[in-house]
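Letters A, B, ... mirror the listed sequences (proteins, then strands); counts begin at 1.
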2 protein chains.
Amino acid sequence: MAEHECVRLVPIFSELGSEQLDTIESIVRHHHYPAGSTLFGADDPLDSLMIVANGQVKVYQLAANGREQLLYLLQTGDIDGEAALFENQRRTSFGEALVPTDVCSIRRSDFQDLMQKYPSISINVLNVFGKRLSQLERQTTSTATESVEARLANYITETAAALKTDTFKLPLKKKDLATFLGTTPESISRKLALFERQGLITQKPGKVIEINDADQLLLTE
Amino acid sequence: MAEHECVRLVPIFSELGSEQLDTIESIVRHHHYPAGSTLFGADDPLDSLMIVANGQVKVYQLAANGREQLLYLLQTGDIDGEAALFENQRRTSFGEALVPTDVCSIRRSDFQDLMQKYPSISINVLNVFGKRLSQLERQTTSTATESVEARLANYITETAAALKTDTFKLPLKKKDLATFLGTTPESISRKLALFERQGLITQKPGKVIEINDADQLLLTE
DNA sequence: ATCAGAACTTGACGGCCGTCAAGAAATTCA
DNA sequence: TGAATTTCTTGACGGCCGTCAAGTTCTGAT
């Protein structure tokens, strides 16, 4: 892995010059996790900011009743760790590598120093947090007020829109998708079968979905 | 209303000196809203950071199906406006004054200048956002995976814990509480009656609730 | 204090969807 | 490639809870 790879790839450091990136690189720690492993505790304490240098990470939260909820699917370049930024914040979520994943971490105190020194970093982090807040607000509203059918229809059209294609492969297993949408794998199977019967989508082998009628899909209640 | 009242009362400006607060005060705009009015559009554009100087504000979001979801209940000193901080962010939520409320607002560009000049502000805002993110993560998980009964029990114990008392008045009408918890007023009535029958709480006139068995309440599934 | 309107409670009913189970399909690993 | 394991699908069933309705209590304005 080339040096600087990780810090140069993260949007939150985008305004910084080469020397400043070198400084940051010197305080960053590198880690590698095989697919399926848990990024948590171990040699990576909870009070660090994590940067996904390469790979994919699922971020879960555990509910009181033992169920888990998929909160985020982090991609290369994404960061995680609200917990890294403040004291007295108990982390209740945990990450799991979906594929072999490289991660860089910066300790809380180091990162706070950086933010003091380079205000642009804080502002960039604020942007990230703001987007995440908006996303979570929509997700909360959605799971609280809409049917499973509507949530799934919405997820499909949003994913297609993000990928700018009508035919795409679901990036998650049904079980993960279920915990993300606040439902069960069985319900997802059923609803997809329903959409297909209605002619709204076509299911192909390998979790591939083709959208036939995006407009009608969005009208699903 | 005394000058400086609003900027001096907000935690995000807590590290600043008196002169700096004067500077900020000069770019702040003051507003007053009677109880029940909507803080939105009108003379207050969407691209401002809002500070609740005095009063209470409900922040709602509208779902695709027309239902509304109560996201936050802002108190004096709280801020709102992720939307204020980035471009290209469509606001989907709206605020409503619960009681007569004073609000100060700072325009996005002004606030961004402030953050560049005084890094402590960004860091304080990050703290606020981080807490809000954590709260929303828990709320999402809760509405997605737990029963109405468990969510209500949890809300009651949390509210009591926050107020450090076992007897307290519900701060919201049942309808608002319902949209906050992702349920209906009828279900809340029923579940409270159930808790009372189980001896876990006692309901008194005026939306006052007394908790008799907090431990058992938390075990509700 | 009185009264109108809002908020709340309670019952009956029905549908959505979660659970359990069993068989089919797909993926992984040797 | 072939077998073992995981994932997925489909059916049957039941319970939670949302909806509608009607009666009651609460609240606030005159």
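Using a cut-off of 4.0 Å between Lys/Arg side-chain N and Asp/Glu carboxylate O, Arg151(B) and Glu146(B) are scored as not salt-bridged. Ion pair Arg132(A)/Asp80(A) flagged as a salt bridge, since at least one NZ, NE, NH1 or NH2 atom sits closer than 4.0 Å to an Asp/Glu carboxylate oxygen.
Gln61(B) and Thr141(A) form a side-chain donor-acceptor contact under 3.5 Å, judged by distance and modelled atom types alone. A donor-acceptor pair shorter than 3.5 Å can be found between the side chains of Gln56(A) and Gln75(A).
In the interface, the side chain of Arg197(A) is not paired with the base of dT10(D) through any donor and acceptor atom under 3.5 Å apart.
Under the salt bridge (charged side-chain N to carboxylate O under 4.0 Å, His left out) criterion, Glu96(A) pairs with Lys58(A), sequence neighbours left out.
Between Ser187(A) and dG18(C) there is a side-chain polar atom (N or O) within less than 4.0 angstrom of OP1 or OP2. For dT19(D), neither phosphate oxygen OP1 nor OP2 lies less than 4.0 angstrom from any side-chain nitrogen or oxygen of Arg190(B). At dG18(C), one or more side-chain N or O atoms of Thr184(A) fall inside 4.0 Å of OP1 or OP2 (strictly under the cut-off). For the OP1/OP2 pair of dG18(C) and a distance below 4.0 Å, the side-chain nitrogens and oxygens of Thr183(A) include at least one atom meeting the criterion. OP1 or OP2 of dT9(C) lies within a sub-4.0 Å distance of a side-chain N or O belonging to Lys174(B). Residue Arg67(A) places at least one side-chain N or O under 4.0 Å from the OP1 or OP2 atom of dT19(C).
Less than 4.0 Å separates DNA chain D from no heavy atom of any residue of residues 210-221 of chain B.
Between Glu186(A) atom CD and dA24(C) atom P the separation is 18 Å, expressed in whole Å. The nearest whole Å value for the distance from the NZ atom in Lys207(A) to the P atom in dT28(C) is 8 Å.
Note on residues 181-221 of chain A: no pairs pass ring-ring contact (aromatic ring centres under 6.0 Å, His included), not counting sequence neighbours.
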